[in-house]
Amino acid sequence: MAYENRDRVKIGLEIHVQLNRLKTKIFCGCTTNYHGDPPNTHVCPVCLGLPGALPVVNRRAVEYAIRVGLALNCGINEHTQFYRKNYYYPDLPRGFQITQYDYPIAQQGHVTIEGEDGEHMVRINRAHMEEDPGRLVHEGTIDRSKYTLVDYNRSGIPLLEIVTEPDLRSPKEARRFLDKLRNILEYLGVSDLDLEGSVRVDANVSIMDGNRTEVKNISSYKGAEKALLYEIVRQKNLIRRGKTVTQETRHFDEAREITVSIRTKEEAHDYRYFPEPDLVPLRVRDWVAKVKEELPELPDARKERFMTEYGVKAEHAKTLTGQLKLAQKKQ
Amino acid sequence: MSIDRVRELVDSVGIEEVLHRCSERIEENKLNTFITTDFEGALTRARKRDGNGGGRLQGVPVGVKDNISTRGIQTTCGSRILTGYVPPYDACVVERLKAEGAVIIGKTNMDEFAMGTSTETSYYGSVRNPWGRERVPGGSSGGSSAAVAGGEVPIALGSDTGGSVRCPASFCGVVGLKPTYGGVSRYGLISYANSLEQIGPIATSVGDVALLFDAIGGYDRRDSTSAEHEFDTSSALDSDVGVEGMRIGVPDEYFGEGTSGAVRDSVWNAIHTFEDLGATYEIVSMPHTRYALAAYYVIAMSEASSNLARFDGLRYGYRVEEGDWHTSFSRTRREGFGEEVKRRILLGTYALSAGYHDKYYLKALKVRTLVKRDFETAFKSCDLLLAPTMPYPAFKLGEKIDDPLSLYLSDVNTVPINLAGVPAISLPCGFEDDLPIGLQLIGNFFCEPTILRAAHCFEQSTDFHKRKPGDV
Ligand SMILES: [Zn+2]
């Protein structure tokens, strides 16, 4: 039976994944293994944004990004380019973030999940590379602290931002998509997802073809479902009372399990994107074949194989391949 | 003074005496050429290298423009906002100079963040021109050029975003080279407009400029825009190979309305000198030249608005501590930047903002492509292009500083070269009222050897470079 989606819920996700299995940062030679180390010990002129220091693209980071792009059935752009996203924040040492805009590394893919009514295809809009900013550290709690400190150990950790089309029809589907993505990333070996801050999710939510809100700061998979449930109920209540949903950015308060407005459309940033003049466009066409060769067997393919080779039932095959460690044991 | 002469002096009187004479000359001249000098450090570094020398610049004092990072020596970019900033690392060119045995004696004065044509926007005061103390030295590498012209150092490094090496070389009667984009590593050069600028050598002769270029140029993996190209500068100055048969293009558009009569005459005399040496010339047209200036300023200011965002007082340099972070960084920037820098940040921010991006920034990029095409067309029939560097000799201090538009207009012959990314050299070719006039030779991409050879031949056949400030 086809899923009705009576409230016409549309959810799109933006998932930031740290490619923290790489040894070095995206534009310099500093280590990505900073967890637990004293602040500002894994920094250099490049990731501190010191005047005159120039970024150089970590080739392995691009290969990892291609790997993910291929696994998400994306097309890999022959030429890929970096852009500057200009905004001020103390954790951003250059006053701009080096990211991608036009010509991202991967575009137009899809992932199939177990949807509300059987197999459901979620389109991937793009996956692009960028650098993680530093981290603000407050003494005690954020509202009590008299000052803020900045730790740049995280500055320059390679990130991949994966953007889906608004094809998810319920919080449950969103969670399933995230589970599936997690599974794929584990298989690819590009990211240790257990590390704190390794995955951050933003969600775009609309119902009844109304305005959409962007919910930021979803840091856990469980949080995603809760944030979306709350946001959908909030929008429903507004519409029931004859009000319209404001297009805005909302922050998910994990402790209270609610979303709060932080910025309306009028206050939206103008990031003044333009091509990063310090990095020439990369011609990656010739890299793709090599990456393809290195690509491990992915969960869907392995599930098929378990079913045909070992005669495992579909349900069991799914459980087995759903976790990399289990799947490896079975082999 | 030439590199050879200085090396002889180092051998005869010793490095300490040579450095002492540099320091004395700076004191006597009072041109305000240096923001920071470090003679003590220079002597220590020179002594450390004693014995294991063999570099081509062994013991040669050098001035480095203050937007090039030097480990352990304050680097301000001529701005208040970087007061007290001491880089923890050396720029690529500084490493290469040190490897050749050169001794960095200090950091030269410049327009704030290289934004200017007269070295009058420096937070550390204007530089005076040794040819006339009431005249500007040109900019933005005014400190480097005036220091070389004034005999304070034999060689210096400048940077050229829209003429900042060639303009002051022209105004100070010395030789300055703007290399092909990608020819010299920008690693450690504090960016004003990344896609346009190159570090360039300044000296009293073409030979010394060639040697200095050879020392600092070449591929560097830390600069992604650096080219994997091997320059052959040594054979460029081979006296057996002249300019016989060389085809020179003279772009009509570079002799615009504002060009002084003496500049026009001197440059035409230079053309005839080349004819006498066996070269031929033809008038060429570069029709997009008149749009170059506007496109240049839009691109340069756009890039600058982003490049200068990092100066917030949080990590280094000048800092106003007041209120929360927003207040603090706003105050820091308000007090730390000068008027011209603020003007360019504002205009650049505007040109990149939503709704204006296509109208200004994107359009400027299109013009840039057309300007580049003009050069490609010209180089199909010419080996090099020849034009005045500046439309007039050095103007008076204060004459143009309150009229930014007139200052911008004086860059009309230098900025198209940066938009295209080709190399160009400026060298002395005459005088007007005892002020030097500069001749600009423009080459095709990576054809530094061609323009160096032509410049060298011209220098060998003329006496303009022999005249020093103060001789009349
Ligand atoms: Zn680093």
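So you know, we letter chains A, B, ... as the sequences are listed, proteins then strands, and number each from 1. Not measured: the values here are computed from a predicted model. Only heavy atoms go into these numbers, but all of them, side chains included; no hydrogens, no water, no symmetry mates.
- Residue Phe96(A) touches chain B through its side chain alone, counting heavy-atom pairs closer than 4.5 Å.
- Heavy atoms only, all atoms of each residue included: Ala309(B) and Tyr88(A) are closest at O-CE2, 3.3 Å.
- Heavy atoms of Ser185(B) lying under 4.5 Å from chain A are absent altogether.
- A donor-acceptor pair is defined here as one N or O able to donate and one able to accept, closer than 3.5 Å; such a pair exists between the side chain of Asp270(A) and the backbone of Ala354(B).
- Pairing each heavy atom of Pro51(A) with each of Phe311(B), the nearest pair is CG-CE2, 3.8 Å.
- Pro45(A) touches chain B through its side chain: at least one heavy atom from C-beta onward sits under 4.5 Å away, while N, CA, C and O do not.
- The neighbour count for Glu294(A) CD, taken as heavy atoms of other residues, nucleotides or ligands under 6.0 Å away, is above 12.
- In this structure, the portions of Arg186(B) lying under 4.5 Å from any heavy atom of chain A include both its backbone and its side chain.
- Proximity to chain B (any heavy atom under 4.5 Å) is shown, for Asp278(A), by both the backbone and the side chain.
- At a 4.5 Å heavy-atom cutoff, Tyr356(B) makes no contact with chain A through either its backbone or its side chain.
- A donor-acceptor pair shorter than 3.5 Å can be found between the side chains of Arg84(A) and Ser306(B).
- Nearest heavy atom pair, residue Phe274(A) against residue Ser302(B), reads CZ-O, 4.4 Å.
- The ring pair (Phe, Tyr, Trp, His ring centres under 6.0 Å) contacts involving residues 26-51 of chain A comprise Phe27(A)-Phe82(A), where partners must be two or more places apart or lie in separate chains.
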**OP:** Any chance you could lay out the side-chain contact (heavy atoms from CB on, under 4.5 Å) test for Tyr85(B) and Leu50(A), step after step, and finish with the verdict?
**Re:** CA-CA 10 Å; Tyr85(B) 169 60; Leu50(A) 288 190; 4.0 Å; yes

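- Using modelled atom types and a 3.5 Å distance limit, the side chains of Arg315(B) and Tyr152(A) yield a donor-acceptor pair.
- Listed by first and then second residue, the salt bridge (charged side-chain N to carboxylate O under 4.0 Å, His left out) pairs that reach into residues 71-88 of chain B come to none, sequence neighbours excluded.
- For Leu189(B), the part lying near chain A is the backbone, with the side chain staying farther off; criterion is any non-hydrogen pair under 4.5 Å.
- When heavy atoms are compared at a cutoff of 4.5 Å, Asp223(B) approaches chain A by way of both its backbone and its side chain.
- Residue Ser69(B) touches chain A through its side chain alone, counting heavy-atom pairs closer than 4.5 Å.
- Contact of the Tyr271(A) side chain with the Leu352(B) side chain is not registered, since no non-hydrogen atoms from C-beta on lie closer than 4.5 Å.
- The closest donor-acceptor contact from the side chain of Tyr89(B) to the backbone of Ala53(A) lies under 3.5 Å.
- Residue with the most contacts toward chain B among Pro55(A), Pro93(A), Gly49(A): Pro93(A) (heavy-atom pairs, distance under 4.5 Å).
- For Tyr316(B), the part sitting under 4.5 Å from any heavy atom of chain A is the side chain, from C-beta outward, and nothing else.
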